Protein chains: 2
Amino acid sequence: MPRAGLTPERVVEAAAELADEIGLDQVTVSAVARGFGVKDASLYAHVRGLSDLRSRLATASAAAFADRINTALAGRSGHEALAAFAQAYRTFAVHHPGRYAATQLALPAETLEASPGHRRLVELTYALFLGYDLAEPDRTDAVRLLRSTLHGFAALEAAGGFGAPRDLDASWARMIEALHALLTRWPPAPPSATLSP
Amino acid sequence: MPRAGLTPERVVEAAAELADEIGLDQVTVSAVARGFGVKDASLYAHVRGLSDLRSRLATASAAAFADRINTALAGRSGHEALAAFAQAYRTFAVHHPGRYAATQLALPAETLEASPGHRRLVELTYALFLGYDLAEPDRTDAVRLLRSTLHGFAALEAAGGFGAPRDLDASWARMIEALHALLTRWPPAPPSATLSP
DNA sequence: ATGAATTGCCTAGGAGTCCTAGGAAAGATT
DNA sequence: AATCTTTCCTAGGACTCCTAGGCAATTCAT
């Protein structure tokens, strides 16, 4: 009875590869076990269960994602930084759809705070905005706009939601240019109604 | 043995309500059957199976969604139309998270083309852009930007992805204003490298 | 080197899910 | 009233998650 050499790390790594191949929600304890040529019950010695596996997959994927973003951002600022960020973002989402989906899993707040990858992603995103002259709360609004657009595009692309014949790469490039233009000329807040009696 | 009065429509309606309550991916044939006080096998007389149920739920939800958008858009154009569209979009996504998620399910192309709701959503989105002076391919790029932003925000909000204390309604309003500004002054395409030898 | 302790993977089994096949009863039709 | 159709049932197979307890492979202590 030879051993497969399972560890929590290898189980999570296998789950990550499986997620990229067959989709995150097709990743089951049984399927990962099959990949090791092992019975499903054997995995429970290394991982508490499916939700634990998904949670570990989420933090591992976020760390990998943050790494790519970090590398892309190194030494760049302003428009260059935004373009590199967006490029790295979409590349990761396209090449690692399962891992990308895992980074978007809704986790308990304390798990999220204990995940270096997730924290780093937030830091890197805000660092990107040092290149734009935005004060709070405009900065947070702008961050939310950028995050929404990048994630929305990735989600729609993954779901095959873009039907028009127009090339996706070209659309993506133009969108990023447009966002850059918007961030450099963020419209001022309209006068608040409560201040004019 | 009294009958529950099942029809495909009522099954789909029950599935839609369940999806809004417990989440789309918690909707199972068994759970819907339980809601009717009926065995799971009984549903297979009305729906071919889980994937058929999800497909029907997607088209029904898209129709409902298109209805709200349509109502919001009636008689409006330009900035007003965009604001009403965005408002209706987010309201639906927040109040009907399961149905909204169903509208984003990846369906086979022929199913999508046969779904009036999905078609109507595309039409309404392009109608919105009559108020902006954009020629192809810029229009498609702009449509993709808007769709990405709206869907991304809805997805991140549903997943609890916005941690900052800043009010979500306020961010949403500012984002829509910013997008309006962007659409009215869409940056021109950069000179193509292939045209300058 | 040999016995003990630990660790890794196993079998067995319960509960829930999707789905099929065939049976019985409620309601509609003639 | 008799027949037919529709609706819902029971029974059961395959797959999932997960627990409990057992045997074997490895490591550790003597």
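Here is how names work: the chains are called A, B, and so on, in the same order as the sequence lines, proteins then strands, and each is numbered from 1. Quantities reported herein were computed from a predicted structural model and do not represent experimental measurements. Worth knowing before you read on, the calculation uses all heavy atoms, side chains too, and leaves out hydrogens, waters and symmetry mates.
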* **Nearest-Å distance for atom pair CG/P, residues Asp25(B) and dT16(D)** =>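 One finds 18 Å between P of dT16(D) and CG of Asp25(B), rounded.
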
* Between dA24(D) (C1') and Leu6(A) (CG): distance, integer Å -> 16 Å

* Asked: Hey, are Thr149(A) and Thr149(B) close enough side-chain-wise for a donor-acceptor pair under 3.5 Å?
  -> yes

* To do: May I ask you to list the residues of residues 28-52 of chain A, by number, that have any heavy atom positioned under 4.0 Å from an atom of DNA chain D?
  => Thr28(A), Val29(A), Ser30(A), Arg34(A), Asp40(A), Ala41(A), Tyr44(A), Gly49(A), Leu50(A)

* To do: Examine Tyr132(B) together with His180(B) and report whether their ring centres are nearer than 6.0 Å.
  =>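 Yes, the ring centres sit under 6.0 Å apart.
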
* To do: Determine whether more than 12 heavy atoms belonging to other residues, nucleotides or ligands lie under 6.0 Å from atom CZ of Arg166(A).
  =>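 Yes, enclosed.
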
* To do: Indicate yes or no: at least one non-hydrogen side-chain atom of Tyr44(A) is less than 4.5 angstrom from one of Val29(A).
  =>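 Yes, at least one pair of side-chain atoms sits under 4.5 Å.
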
* Structure fact -> Between Ser171(B) and the options Thr140(A), Asp141(A), Asp138(A), the side chain to side chain donor-acceptor pair (under 3.5 Å) test singles out Asp141(A)

